[in-house]
Amino acid sequence: GQEASDQIVTRLHDKRWDVVRNLVVLLRQMGDPSVLKPLGHLVGYANSKVQFEVMRTFLHFNDPRADRYLLKELGSNDNATIVGAARLAAKSKSAEVACRLTEILNRKQRLDKDESVRKAVLKALAEMAHPGALPGLERFLLNRGLLKSLQGKDLKLEAVKVLSQYEAPAAAALAHKVQQKYSGELSREAGTVYMQLTGGPS
């Protein structure tokens with residue numbers, strides 16, 4: 001209750017980052033949104049693991065600061081930073097964050113250099129299942145240039161599977177487009193997703 005929460009908050013100034021991280025997790029699990037106010041001073045904390053848990057807590061309570069943080073991190077040039085932000089973004093309900101993720105998915109960069117980034121982005125998009133991401137997913141799926149490499153084919157298959165998490169009719173329509181545009185495994189997977197989303201024949 002409040003008494004325990006107050007005691008935890010007084011210890012947030014501990015010099016040990018691992019202690020601070022664990023206290024933030026405890027406060028989030030207590031389920032009281034009033035903890036957001038004392039967590040404010042930890043925004044921008046020097047240790048990335050503490051920062052991750054703080055933003056995760058903000059997302060848990062739908063605090064807009066979390067989405068602003070995600071947009072900033074997703075705009076980074078560092079792949080590790082983007083992957084970390086994508087992990088958090090999976091819990092976001094922001095259309096702007098969903099669109100930023102698809103921009104990363106469609107960016108012009110060698111697949112062997114950022115395959116892990118795109119996989120993290122696709123996983124986040126599957127968990128978010130925000131309809132605002134569908135136009136970006138369509139650009140990615142209908143881009144034939146990506147089929148020139150094995151990584152590109154694998155990523156497209158993952159992207160088709162992402163569609164199965166979306167309830168919007170546009171997701172089923174996109175799966176149908178992919179099925180008609182391609183052949184082989186990609187077409188078969190798109191047909192399976194289409195049937196899954198519509199309950200009808202491929």
Side-chain angles (χ1 to χ4, degrees), residues 47-53 55-56 59 66-168 170-194 196-197:
N47 185 279
S48 61
K49 292 181 180 178
V50 173
Q51 212 176 122
F52 183 88
E53 293 300 339
M55 290 305 154
R56 193 174 168 192
L59 278 169
D67 288 325
R68 291 198 293 270
Y69 168 83
L70 287 173
L71 290 169
K72 179 177 75 70
E73 296 291 280
L74 290 171
S76 171
N77 292 320
D78 178 65
N79 281 354
T81 299
I82 296 172
V83 169
R87 282 175 58 205
L88 272 176
K91 304 300 181 186
S92 174
K93 298 179 177 66
S94 165
E96 198 174 354
V97 170
C99 289
R100 181 66 59 84
L101 286 168
T102 63
E103 287 171 10
I104 295 168
L105 192 62
N106 285 293
R107 69 184 183 180
K108 292 181 179 179
Q109 192 158 333
R110 281 173 50 188
L111 286 176
D112 59 346
K113 284 189 174 293
D114 73 345
E115 184 184 5
S116 61
V117 171
R118 297 194 203 207
K119 283 184 176 179
V121 164
L122 285 170
K123 187 176 180 182
L125 289 171
E127 289 191 49
M128 286 181 78
H130 196 293
L134 288 171
L137 278 168
E138 180 169 357
R139 285 198 307 277
F140 181 75
L141 282 165
L142 301 185
N143 178 0
R144 281 188 174 275
L146 289 169
L147 292 175
K148 293 176 182 176
S149 69
L150 183 60
Q151 296 108 314
K153 291 176 185 176
D154 289 344
L155 286 168
K156 276 189 183 288
L157 278 170
E158 285 301 313
V160 168
K161 291 173 185 175
V162 166
L163 295 177
S164 67
Q165 304 302 312
Y166 285 67
E167 296 180 359
L174 178 52
H176 190 54
K177 274 186 187 179
V178 173
Q179 183 189 14
Q180 291 182 315
K181 186 177 178 73
Y182 300 109
S183 59
E185 188 179 7
L186 191 54
S187 179
R188 288 193 297 274
E189 186 63 43
T192 299
V193 170
Y194 179 76
Q196 190 177 333
L197 292 174

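In what follows, residues are counted from 1 in the order of the sequence shown. Values reported hereafter were calculated over all heavy atoms of this structure, with side chains retained and with hydrogens, waters and symmetry mates removed.
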Chemist: What pairs of donor and acceptor atoms, side-chain ones from residues 88-96 against any protein atom, are under 3.5 angstrom apart with sequence neighbours left out?
Modeler:
{"residue": "S92", "atom": "OG", "partner": "D67", "partner atom": "OD1", "Å": "2.7"}
{"residue": "S92", "atom": "OG", "partner": "S94", "partner atom": "N", "Å": "3.1"}
{"residue": "S94", "atom": "OG", "partner": "E96", "partner atom": "N", "Å": "3.2"}
{"residue": "S94", "atom": "OG", "partner": "V97", "partner atom": "N", "Å": "3.1"}

Chemist: Say whether, by atom type as modelled, one donor and one acceptor occur between the side chain of Y194 and the main chain of L174 under 3.5 angstrom.
Modeler: no
Chemist: Answer yes or no: is there a donor N or O on one side and an acceptor on the other, between the side chain of T102 and the main chain of C99, under 3.5 Å?
Modeler: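 Confirmed, T102 side chain pairs with C99 backbone.
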Chemist: Would one find more than 12 heavy atoms of other residues, nucleotides or ligands at under 6.0 Å from atom NZ of K181?
Modeler: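 Check passes, neighbour count above 12.
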Chemist: Assess the residue pair T192 and V160 against the criterion (side-chain contact (heavy atoms from CB on, under 4.5 Å)); give the C-alpha distance rounded to whole Å, side-chain angles, the decisive distance to 0.1 Å, and a yes or no.
Modeler: CA-CA 10 Å; T192 299; V160 168; over 6 Å; no
Chemist: Can you tell me how far CG of D154 sits from CG of L122, rounded to the nearest 0.5 angstrom?
Modeler: 11.5 Å
Chemist: Walk me through whether Q180 and H176 qualify under side-chain contact (heavy atoms from CB on, under 4.5 Å).
Modeler: CA-CA 6 Å; Q180 291 182 315; H176 190 54; 3.5 Å; yes
Chemist: Give me the one residue out of V162, V178, L101 that meets side chain to side chain contact (heavy atoms under 4.5 Å, CB included) with L137.
Modeler: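 Going through V162, V178, L101 one by one, the side chain to side chain contact (heavy atoms under 4.5 Å, CB included) with L137 is satisfied by V162 alone.
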Chemist: For K119, give me all partners under side-chain contact (heavy atoms from CB on, under 4.5 Å), at least two apart in sequence or on another chain.
Modeler: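 Testing K119 for side-chain contact (heavy atoms from CB on, under 4.5 Å), a comparison that skips the adjacent residues, returns E115, L155.
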Chemist: Under the salt bridge (charged side-chain N to carboxylate O under 4.0 Å, His left out) test, which residues partner K177, sequence neighbours left out?
Modeler: E138
Chemist: Between L59 and L70, is a side-chain contact (heavy atoms from CB on, under 4.5 Å) present by the stated rule, with each step listed?
Modeler: CA-CA 10 Å; L59 278 169; L70 287 173; 4.2 Å; yes
Chemist: Mind checking salt bridge (charged side-chain N to carboxylate O under 4.0 Å, His left out) for E185 and listing every partner two or more places apart, or none if nothing turns up?
Modeler: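 Partners of E185 by the salt bridge (charged side-chain N to carboxylate O under 4.0 Å, His left out) criterion come out as none, since no residue qualifies.
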Chemist: Using the side chain to side chain donor-acceptor pair (under 3.5 Å) criterion, which residues pair with Q51? Sequence neighbours excluded.
Modeler: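 Result, side chain to side chain donor-acceptor pair (under 3.5 Å) vs Q51: Y69.
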Chemist: Please report the closest heavy-atom contact between A175 and A190, naming both atoms and the distance.
Modeler: O-CB, 3.4 Å
Chemist: If a pair satisfies side-chain hydrogen bond (donor to acceptor under 3.5 Å, both in side chains) and one of its residues is in residues 77-87, list it, with sequence neighbours excluded.
Modeler: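 Checked against side-chain hydrogen bond (donor to acceptor under 3.5 Å, both in side chains) - neighbours excluded - the pairs reaching residues 77-87 are D78-T81, N79-R107.
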Chemist: So, the side chain of K156 versus the backbone of F140: is there a donor-acceptor pair under 3.5 Å, distance only?
Modeler: yes
